[in-house]
Amino acid sequence: MAYDFNAIEEKWLRKWKEERAFEPKPTGKKFLLTVPWPYCNGALHIGHGRTYTVGDIIARYKRMRGFNVLYPMGFHISGTPILAFSKKIENGDAQTINLYRSYLELYGDDPTRVSEFAVPSNIASYFSERIINDFTNMGFSIDWTRKFTSGEPIYNKFVEWQFRILQDKKLIKRGDYPILYSAEEGNPVGEDDILEGDTDKVSITQFTGVYFYIGNEILLASTVRPETLDGVTNIFLNPDVQYSRIRMRGQTFIVSKRASEKLRFQRDAEFVSDVKVEDYIHKMAREPLYSREIPILPGKFVDPNIGTGVDYSVPAHSIWDHVALLEISERPDYIQVIENDSQPLDMEVIRKRFGITNLDDKEKLVEATKYVYEQEYYHGKIVRGKFKGNIVKDIKERIIDDLVQMGIAIPVYETSRRAETREGNPVIVAVIKNQWFIDYSIEAWKDKVRELIGRMSLKPDNLRNQFLQTVDWIKERPCARRRGLGTRLPMDNEWIIESLSDSTIYTVVYTIIPFLREMNFDEIDDEVFNHIFFGKGEISRKSERTKKAIEAARKEFLFWYPVDLRHTSYPHISNHLTFYLFNHVAIFPQNEWPVGVSTGGMVISEGQKMSKSKGNVYPLLTIKRKYGADLFRMYFASNADVWYDVDWRTSEVENYSKKLERFYSLLEEAKDVNGEPDGRDLWLVSRMIDRIAKGSKNFDAMKVREATVDLFFNALNDIRDLENFSGKERTLRAVRKFGKEWALSLSPVIPFLSEEIHSMYEGNGFASLQAYPTMENVYRQQESEWNFIESIVEDFRSITKVSNMKPSRMIIGTAESWKWKLLNDSKSKDVKSMIKEASPEQREFLVTLVKKKDLTQSVENEEEVLTKFRDDLARYLNVEIVVSKDAVYSRKALPGRPAIRLE
RNA sequence: GCGGAGGUUGCCGAGCUUGGCCAAAGGCGACAGACUCAAGAUCUGUUUCCAUAGGGAUUCGCCGGUUCAAAUCCGGCCCUCCGCACCA
């Protein structure tokens with residue numbers, strides 16, 4: 001009978017809700033599980049579903065293992081995306097409006113409501129409501145009484161408290177910071193704002209602008225290789241390019257006109273006048289290290305758009321400079337600064353090797369430059385000047401600092417490639433002054449985090465290493481922006497705390513949010529949080545109502561915290577999860593630090609990365625309606641292990657549907673059969689009991705895939721085998737023996753079906769709240785007997801296949817008793833000496849014994865077992881079966897492997 | 001470059017920690033058969049090569065090593081994917 005998953009799922013959703021099945025009270029042994037809250041700017045798709053599904057499987061399993069599990073959820077609304085979308089809708093951007101109309105249609109709402117989304121908070125509230133609905137429908141055992149958003153006032157107070165602590169502990173600092181920016185639009189630009197920014201990422205490259213003096217003026221030459229400055233031989237200016245004079249820090253600089261426009265956004269720079277480039281070419285300039293006079297030469301290859309448009313030439317280490325000099329027939333004395341393995345790279349050799357003839361061979365030049373750079377950066381040793389003896393990569397940062405300190409260089413920022421915004425304006429680099437940072441570079445802080453990582457429970461195993469790696473390179477992180485939704489920085493209201501920085505310790509809020517809501521809002525201040533979390537805030541002057549809520553909150557915090565497991569996808573390791581650890585360590589006492597973290601893989605769809613243009617982004621809701629939540633959960637649970645990427649293939653989904661249907665109808669039919677199972681069929685029960693036990697071990701190790709495959713698919717295959725061998729009636733009788741336990745063991749994965757079957761088998765209460773089943777296995781003997789029979793079936797098949805015959809009779813001869821005796825003796829005696837003493841016939845057997853260590857030996861009483869199964873076997877293989885002890889037949893027989901003769 | 005994951009039989013994908021029972025699970029696809037008026041669904045069998053008796057040969061990115069024995073351990077090489085932040 002077909003099962004109506006919609007009816008079943010709705011029924012149990014209703015019951016869970018009515019009885020508040022997943023709203024735990026603080027008693028017993030607890031388990032707090034969190035998954036990062038979703039960002040609510042659109043409909044969820046299958047990719048979002050997976051992480052929460054894994055979380056829910058763990059939550060449900062732990063619940064069945066006797067833990068009081070809290071699985072809470074909230075909503076992330078801070079940052080720029082929601083703001084950006086609502087602005088686009090306000091401005092009538094057709095693409096965005098269509099997108100949001102389609103979301104409304106998906107959820108069955110009036111698409112004309114899209115205009116409401118011009119208000120950012122409406123996007124947040126609309127989608128958070130829908131997400132609650134989606135998640136509930138997926139069967140996630142989330143306690144929704146603890147929901148909150150990163151934008152609501154109570155939460156803002158909490159984040160302010162957190163940032164005041166960080167500041168008190170001197171973990172926050174200010175400084176200048178470069179960002180991508182559009183001058184025309186007057187805004188910072190993120191990946192989404194840049195044309196092809198998602199496929200071809202734009203980053204910020206730091207150049208060093210070096211001072212070359214010419215009279216009272218400075219030619220500001222920009223380079224990414226300041227380590228070669230000792231080898232400069234000349235300056236290149238592009239004779240076809242407009243240059244300008246600008247004033248910075250009381251000095252006059254010459255840069256390309258384009259650079260002068262961009263530099264204004266990086267520092268205080270004032271345009272003075274345009275410059276005639278020919279006035280400078282072939283003049284001499286003074287380089288800053290040794291005051292050598294070097295010529296200024298024409299170089300048409302110099303790009304005015306990159307850096308300052310002034311190039312200092314180091315022909316010994318730059319293929320561009322070398323080729324440019326060849327073209328104008330200048331050949332200054334090359335000065336080597338770097339050697340590889342005590343030998344410099346010769347640019348002339350490189351030029352020939354890459355087949356470069358002139359400056360028009362741009363691709364080759366780029367390629368050769370990359371080669372030279374990699375060689376000299378990683379392996380090159382400096383042989384001149386102050387930093388002589390060092391490998392470039394070890395000393396580069398210090399060289400830059402040194403030049404800046406000496407007042408002969410400044411940092412100049414440039415984009416890593418030419419880029420423009422979606423509106424068509426150039427992307428440049430601007431420096432934000434007095435940016436706020438959280439200073440994750442403090443070593444003492446890092447050490448505490450390392451200590452925590454060392455003792456945490458982490459899955460998969462390599463996660464520990466990845467964390468340590470991240471801690472090593474993590475630096476200051478800008479923690480506030482000028483725009484976006486979120487919490488204002490308490491020490492400077494002009495800034496809004498950036499969206500990853502406002503969500504580092506929010507998991508603690510789940511434990512107390514219902515109580516915060518009971519307090520008088522105005523009374524919530526730092527003292528309240530200090531009291532709840534540290535037991536030391538002064539609260540005697542609060543109202544009774546608030547005081548009561550504070551005490552209750554403290555109790556719940558102490559009960560639920562720390563987080564026992566935080567599960568999310570691996571891209572979070574190097575950012576969110578690391579910040580999560582840092583902030584906990586900074587703010588909370590050791591016993592409240594995170595206990596465990598696990599990371600999971602991503603979802604691809606139909607073999608490819610999900611993207612709208614490929615049309616392989618499926619909304620969660622659509623999938624649930626079409627196939628049901630159990631199927632979705634089963635698919636992700638069984639298709640790949642938690643930490644690997646998983647591929648959603650619609651073509652395979654059908655199979656799952658059939659299997660679930662079979663599972664259901666099998667158990668439904670088994671429920672009503674009468675009589676005890678035949679003794680011969682109990683092997684199935686034996687295997688199932690072991691499977692259930694193994695499943696528990698797998699779930700413990702978060703091997704969700706293995707647990708599911710084994711408990712579900714392998715079990716179904718066994719049942720099919722039994723059905724083929726013994727017929728339906730007998731199979732159902734065996735299945736009934738473990739039906740209820742089987743359903744329970746799968747409850748973490750397919751909770752709805754499990755509830756249905758559990759109630760069908762007259763189980764008490766919710767399946768979701770039962771203990772994980774255990775059964776004692778008293779059927780091992782039957783299982784061994786079956787293995788023996790199965791091996792005969794296999795042999796039968798391979799013989800018929802090779803011999804190409806359709807036998808009508810199978811004569812099975814079991815091994816003579818002396819073979820059994822020798823086999824048993826060989827276990828305790830030295831086989832070699834046995835061989836010496838044996839008769840020729842015995843010797844032959846003993847030698848085989850040594851060669852084949854894997855003699856099945858599953859049953860001792862082979863004839864008896866064969867007789868018992870004879871009729872079944874005969875029917876199954878469609879042959880007459882004769883069991884014989886006749887020496888003619890048993891001569892070739894071995895224990896565990898009887899001789900078979902087909903006629 | 002750094003760090004991580006991985007390259008398995010037509011495809012997807014287990015196995016590799018604890019070497020032998022691994023020609024290598026499972027699924028998909030393909031082929032044959034049963035059922036059916038037919039199709040579909042379902043079930044059965046086959047699916048590296050050779051072989052009319054349960055056998056043999058060659059295979060798990062490439063090269064080499066350890067071992068009685070290697071997909072599995074060790075060394076080197078080639079290739080693919082992901083992260084390297086200020087973006088949620």
Side-chain angles (χ1 to χ4, degrees), chain A residues 36-41 76-82 84 177-180 188-193 197-198 201 203-204 370 373-374 377-379 393 432 435 437-438 440 460-463 465-470 472-481 484 498-501 503 570-576 578-579 599 601-602 604 607 609 638-641 643-647 649 651-652 654-656 658-659 662 705-706 709-710 712-714 716-717 720 723-724 791-792 794-805 807 852-856 876 892 897-902:
Chain A
W37 46 10
Y39 189 78
C40 14
N41 65 332
H76 199 200
I77 68 167
S78 32
T80 48
I82 288 180
Y177 193 77
I179 55 162
L180 295 174
V189 291
E191 197 178 288
D192 293 341
D193 306 317
D198 49 344
K201 290 199 178 184
S203 57
I204 294 168
K370 195 176 165 226
Y373 183 78
E374 281 182 4
Y377 180 75
Y378 293 105
H379 311 293
K393 80 173 162 53
I432 303 273
Q435 167 70 291
F437 296 88
I438 299 179
Y440 291 119
D461 295 336
N462 66 38
L463 189 53
N465 194 21
Q466 297 219 48
F467 264 132
L468 290 172
Q469 193 69 31
T470 307
D472 282 347
W473 61 248
I474 197 166
K475 296 185 296 220
E476 301 90 343
R477 182 190 167 88
C479 63
R481 303 186 72 173
E498 170 273 335
S499 58
L500 274 183
S501 298
S503 305
Y570 61 76
H572 284 142
I573 296 169
S574 61
N575 42 62
H576 166 70
T578 300
F579 304 151
T599 53
M602 311 273 283
I604 56 175
K609 213 170 171 174
S638 65
N639 233 276
D641 247 321
W643 25 87
Y644 291 115
D645 290 353
V646 69
D647 189 3
R649 285 175 190 262
S651 61
E652 278 188 35
E654 277 294 303
N655 279 301
Y656 280 77
K658 285 175 209 152
K659 297 273 185 200
R662 168 152 166 84
R705 173 201 162 100
E706 210 169 318
V709 166
D710 199 52
F712 189 72
F713 294 94
N714 292 351
L716 281 176
N717 285 350
R720 187 190 57 204
E723 195 173 328
N724 290 328
S791 75
I792 290 174
E794 266 169 40
D795 284 348
F796 173 86
R797 292 241 156 87
S798 55
I799 296 168
T800 50
K801 187 189 153 202
V802 182
S803 63
N804 222 348
M805 68 189 287
K852 293 198 175 247
K853 288 185 179 162
D854 58 315
L855 284 182
T856 321
Y876 184 54
K892 279 187 177 171
R897 183 158 207 206
I900 292 170
R901 182 173 170 77
L902 301 182

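Chain letters run A, B, ... following the sequence lines, proteins first and then strands; every chain starts at 1.
With rounding to the nearest 0.5 angstrom, the OG atom of A:Ser638 is 4.0 Å from the CZ atom of A:Phe713. Of the inter-residue distances, the one linking A:Glu706 atom CD with A:Asn714 atom CG reads 9.5 Å to the nearest 0.5 angstrom. Atom CG of A:Leu500 and atom CG of A:Asn575 lie 5.5 Å apart (nearest 0.5 Å).
With hydrogens and angles disregarded, a donor-acceptor distance shorter than 3.5 Å links the side chain of A:His76 to the backbone of A:Ser499. In this structure, A:Tyr39 contributes its side chain and A:Ile82 its backbone to a donor-acceptor pair below 3.5 Å. Without hydrogens or angle criteria, A:Asp645 side chain to A:Gly601 main chain gives no donor-acceptor distance under 3.5 Å.
Contact annotation for A:His76: backbone-only contact, meaning every heavy-atom pair under 4.0 Å involves sugar-phosphate atoms and none involves a base. Using a 4.0 Å heavy-atom cutoff across all strands shown, A:Pro898 reaches at least one base atom of the nucleic acid. Residue-level contact check: A:Ala899 touches the bases, meaning some heavy atom is under 4.0 Å from a base atom. Within 4.0 Å (heavy atoms only), A:Pro571 reaches no atom of the nucleic acid at all. Residue-level contact check: A:Asp647 touches neither bases nor backbone, having no heavy atom under 4.0 Å from any strand. Contacts of A:Phe713 with the nucleic acid, taken as non-hydrogen atoms under 4.0 Å apart, are absent. Counting any heavy atom pair closer than 4.0 Å across all strands shown, A:Lys475 reaches a base atom. Here A:Ile474 lies in heavy-atom contact (under 4.0 Å) with a base. Among the atoms of the strands shown, only primed sugar atoms or phosphate atoms (P, OP1, OP2) are found under 4.0 Å from some heavy atom of A:Asn465.
In this structure, A:Trp473 atom CH2 and B:A85 atom P are separated by 7 Å, rounded to whole Å. Atom pair A:Asp641:CG and B:A5:C1' shows a separation of 14 Å (rounding to whole Å applied). At whole-Å resolution of the value, OH in A:Tyr570 and C1' in B:G4 are 10 Å apart. If you measure from atom CD of A:Gln466 to atom C1' of B:G83, you get 8 Å, rounded to the nearest angstrom. With rounding to whole Å, A:Phe579 atom CZ is found 12 Å from B:A88 atom P. Put simply, CG on A:Asn575 is 10 Å from P on B:A85, counting in whole angstrom units. Following rounding to the nearest Å, A:Ile204 (CD1) and B:C86 (C1') show an atom-to-atom distance of 9 Å. A:Glu654 has its CD atom 15 Å from the P atom of B:G40, to the nearest Å.
Across the strands present, B:U72 finds no partner; the criterion is a Watson-Crick or G-U wobble pair with both atom distances under 3.5 angstrom. Across all strands shown, the partner of B:C77 is B:G61, judged by Watson-Crick or G-U wobble contacts whose two distances both fall under 3.5 Å. Within the shown strands, B:C43 is the pairing partner of B:G33 under the Watson-Crick or G-U definition, both distances less than 3.5 Å. Under the Watson-Crick and G-U wobble criteria, each requiring two contacts below 3.5 Å, nucleotide B:C11 is paired to B:G27. Within the shown strands, nothing qualifies as a pairing partner of B:U52 under the Watson-Crick or G-U definition with both distances less than 3.5 Å. With both pairing distances under 3.5 Å, B:C21 is matched to nothing as a Watson-Crick or G-U wobble pair. Pair check for B:U66 finds none; no Watson-Crick or G-U wobble contact set falls under 3.5 Å. Across all strands shown, the partner of B:G3 is B:C82, judged by Watson-Crick or G-U wobble contacts whose two distances both fall under 3.5 Å.
Listed nucleotides: B:A88, B:G83, B:G54. Nearest to the side chain of A:Asp795: B:G54. Of the candidate nucleotides B:A85, B:G54, B:G83, B:G83 has the atom nearest to the side chain of A:Ser574.
Applying the salt bridge (charged side-chain N to carboxylate O under 4.0 Å, His left out) rule to A:Asp710 yields the partners A:Arg691, A:Lys694; only residues at least two apart in sequence or on another chain are considered. Looking at residues two or more places apart in sequence or on another chain, you find a side-chain contact (heavy atoms from CB on, under 4.5 Å) between A:Arg662 and A:Leu666, A:Leu716, A:Ile719, A:Arg720, A:Glu723. For A:Pro178, the side-chain contact (heavy atoms from CB on, under 4.5 Å) partners at least two apart in sequence or on another chain are A:Ile204, A:Tyr413, A:Val429, A:Val431. The side-chain contact (heavy atoms from CB on, under 4.5 Å) test applied to A:Ile432 returns A:Ile179, A:Gln435, A:Trp495, not counting sequence neighbours. When the side-chain contact (heavy atoms from CB on, under 4.5 Å) test is applied to A:Ile474, the partners found at least two apart in sequence or on another chain are A:Tyr440, A:Lys446, A:Thr578, A:Phe579, A:Phe582.
Side-chain nitrogen and oxygen atoms of A:Ser499 include at least one within less than 4.0 Å of the OP1 or OP2 phosphate oxygen of B:A88. Of the side-chain N and O atoms in A:Thr80, one or more sit less than 4.0 angstrom from OP1 or OP2 of B:A88. OP1 and OP2 of B:C12 both lie 4.0 Å or more from every side-chain N or O belonging to A:Asn639. Between B:G27 and A:Arg705, no contact under 4.0 Å exists linking OP1 or OP2 to a side-chain N or O. Listed pair A:Asn462 / B:A5 meets the phosphate criterion, a side-chain N or O lying under 4.0 Å from OP1 or OP2.
Taking atom C1' in both B:U58 and B:C2, the straight-line distance is 41 Å, to the nearest Å. For B:U47 and B:A24, the C1' atoms lie 14 Å apart once the distance is rounded to whole Å. Going from the C1' atom of B:U9 to that of B:A14 covers 13 Å, rounded to whole Å. The same atom, C1', is picked in B:C87 and in B:G27; the two are 38 Å apart, to the nearest Å. Rounded to the nearest Å, the gap between the P atom of B:A70 and that of B:G6 is 24 Å. Atom P of B:C73 sits at a distance of 50 Å from the matching atom of B:A39, rounded to the whole Å. For the P atom pair drawn from B:C77 and B:C22, the interatomic distance equals 34 Å after rounding to whole Å. On the P atoms, B:C62 is 29 Å away from B:C28, given to the nearest whole Å.
Projected onto RNA chain B by closest heavy-atom contact, A:Glu794 and A:Tyr644 fall at different nucleotides, the more 5' of which corresponds to A:Tyr644. Where A:Asn655 and A:Arg662 each meet RNA chain B at their nearest nucleotide, the meeting point lying more 5' is that of A:Asn655.
A donor-acceptor contact under 3.5 Å links the side chain of A:Tyr177 to the base of B:C86.
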Exercise. Using a 4.0 Å heavy-atom cut-off, write out nucleotides 44-53 of chain B from 5' to 3' as B (base contacted by protein), S (sugar-phosphate only) or - (no contact).
Key: SSSS---BBB
